[in-house]
Amino acid sequence: MPIIAMTNQKGGVGKTTSTLNLGAAFARLGRRTLIIDDDPQSSLTQGLLTPDATFVMPPERTIYALFAGLDAGPSELVVEGVFPGLDLLPGSPRAGSFNRPEPHTVDPDHAALFAEGLDRITAGYDVVLIDTAPSLQFNTWVALLAADAVLVPAQAEAYGNQGIAIVFDWLHLVGHVRGRALPIAGLLVNQHKSRRGLQQAVVDALREHFPETLSTAIPDTTDIPEAINLGKPVQAHKPRGTAAKAYDAVAREIGARLAALGLMAGDGKDRGEAEDAREAA
Ligand SMILES: Nc1ncnc2c1ncn2[C@@H]1O[C@H](COP(=O)(O)OP(=O)(O)OP(=O)(O)O)[C@@H](O)[C@H]1O
Ligand SMILES: [Mg+2]
């Protein structure tokens, strides 16, 4: 069961959107999926539940419990069925109290505490996606230490590459501290506007710099903010739209990469195919 951290130190690039919609895409492929809100802004939780959810919810019922080392399991922490096959571990602004700059200097036992709590929650899932904050502080650090791979959502813009280089430096440091490299599941181009002109030139440059760039990009479409506004993944709002299809393709592409790395079984049956097979029988 791979744990994938969704990370970029840049804000507003689609980390949260992609955690939700890629989670729903894996679920549509028949993989039991958990999405974890590890950003103290808690946008994922607020978007899916209610805007005040993280303020009314006791912190002990959220990811805060993992940072605080509380003895909590899935029955206390997991919100089941936010989409068929997709569960949520809610975030909390209180988790931000553990954040520190230079997190690699923090006592490693504290990171281990988070990893142990995470183990209790993630057993039984086929895929786990962790949404992280747009900063490389303690909350993100522990997710990267515990993850099996990282996915870097990014926008194709002329100034984009420099920020991504910082993320790659960070992954280098994480690999050094872990004693083994953290595999990159992919760099995901989001809000792709056009296959022509400057946009495409920037994507091509990105691909040249970072061969990890996935071949599928997520289009810039109002389907995505509309779905967020409805508190749903885009697959529940526009199941046949370009964004839903792109996320399905990304899930397949990442699934294949993770299978090649030995991190995911390559035998997940597409739920659509399974349904077709049942109907035909
Ligand atoms: N493909 C897309 N098409 C149109 N709008 C998008 C797309 N992806 C994301 N957005 C919009 O961009 C905004 C930022 O997205 P999101 O919150 O996922 O970014 P983020 O990287 O998680 O940000 P933060 O760093 O603040 O956590 C959201 O309002 C979302 O609706
Ligand atoms: Mg976010």
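Start at 1 and go down the list; that is how both ligands and their atoms are numbered. We count residues from 1, following the sequence as given.
Using cut-offs of 30° and 60° for the angle between ring planes, the F98 and Y64 rings count as tilted. Between W170 and W141, the ring planes are perpendicular. Angles over 60° get that label, and only those under 30° would be called parallel.
Scanning the protein heavy atoms around atom 18 (O) of ligand 1, the nearest turns out to be T17 OG1, 2.5 Å. The protein atom (non-hydrogen) at minimum distance from atom 26 (O) of ligand 1 is Q41 NE2, 3.5 Å. For atom 3 (N) of ligand 1, the nearest non-hydrogen atom of the protein is T221 N, 3.1 Å. Closest protein heavy atom to atom 30 (C) of ligand 1: I228 CD1, 3.8 Å. In terms of protein heavy-atom proximity, atom 25 (O) of ligand 1 is nearest to K15 NZ, 2.7 Å. In this structure, the protein non-hydrogen atom closest to atom 7 (C) of ligand 1 is Q191 CG, 3.3 Å.
Note that atom 13 (C) of ligand 1 has no protein non-hydrogen atoms nearby, at separations under 4.0 angstrom.
Distances between N or O atoms of G12 and those of ligand 1 include at least one value under 3.5 Å.
Of all atoms in ligand 1, numbered sequentially from 1 with element shown, those under 4.0 Å from a heavy atom of I218 are 1 (N). Listed by atom number, the atoms of ligand 1 under 4.0 Å from D39 heavy atoms are 27 (O). Atoms of ligand 1 lying under 4.0 Å from at least one heavy atom of V13, given by number and element, are 19 (O), 20 (P), 21 (O). Listed by atom number, the atoms of ligand 1 under 4.0 Å from P225 heavy atoms are 4 (C), 5 (N), 31 (O). Those atoms of ligand 1 with a heavy atom of D220 less than 4.0 angstrom away are 3 (N), 4 (C). Atom numbering of ligand 1 starts at 1 in the shown order; those under 4.0 Å from a heavy atom of P134 are 25 (O). Of all atoms in ligand 1, numbered sequentially from 1 with element shown, those under 4.0 Å from a heavy atom of G11 are 25 (O).
Using modelled atom types, no side-chain atom of K193 and backbone atom of A156 make a donor-acceptor pair closer than 3.5 Å. Side-chain atoms of D87 come within 3.5 Å of backbone N or O of G81 as a donor-acceptor pair. One N or O on the side chain of Q235 and one on the backbone of N21 form a donor-acceptor pair closer than 3.5 Å. Between the side chain of T213 and the backbone N or O of L187, no donor-acceptor pair lies under 3.5 Å. The backbone N or O of T105 sits nowhere less than 3.5 Å from a side-chain atom of R100 that would complete a donor-acceptor pair. No donor-acceptor pair closer than 3.5 Å links the side chain of E116 to the backbone N or O of L113. Checked by atom type and distance alone, the side chain of R207 pairs as donor or acceptor with a backbone atom of L214 at under 3.5 Å. H209 places a side-chain N or O within donor-acceptor distance of the main-chain N or O of A205, the cut-off being under 3.5 Å.
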Yes or no on side-chain contact (heavy atoms from CB on, under 4.5 Å) for L22 and L151, after CA distance, side-chain angles and deciding distance? CA-CA 11 Å; L22 183 59; L151 181 71; 3.7 Å; yes

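Residue N190 touches ligand 1 through its side chain alone, judged by heavy-atom distances below 4.0 Å. Only the side chain of I224 comes within contact range of ligand 1, with a heavy atom under 4.0 Å; no backbone atom does.
Test Q191, K10, H192 against Q155 for side-chain hydrogen bond (donor to acceptor under 3.5 Å, both in side chains) and you get one pass: Q191.
Distances from ligand 1 to the non-hydrogen atoms of G14 include at least one value under 4.0 Å. In this structure, P219 counts as a contact residue of ligand 1, since one of its heavy atoms falls inside 4.0 Å of the ligand.
At least one N/O/S atom of T16, from backbone or side chain, sits under 2.8 Å from the Mg ion (ligand 2).
With atom 17 (O) of ligand 1 as the reference point, the heavy atom nearest to it among T16, N21, T7, T132 is part of T16.
No donor-acceptor contact under 3.5 angstrom links the side chains of T216 and Y247, judged on distance only.
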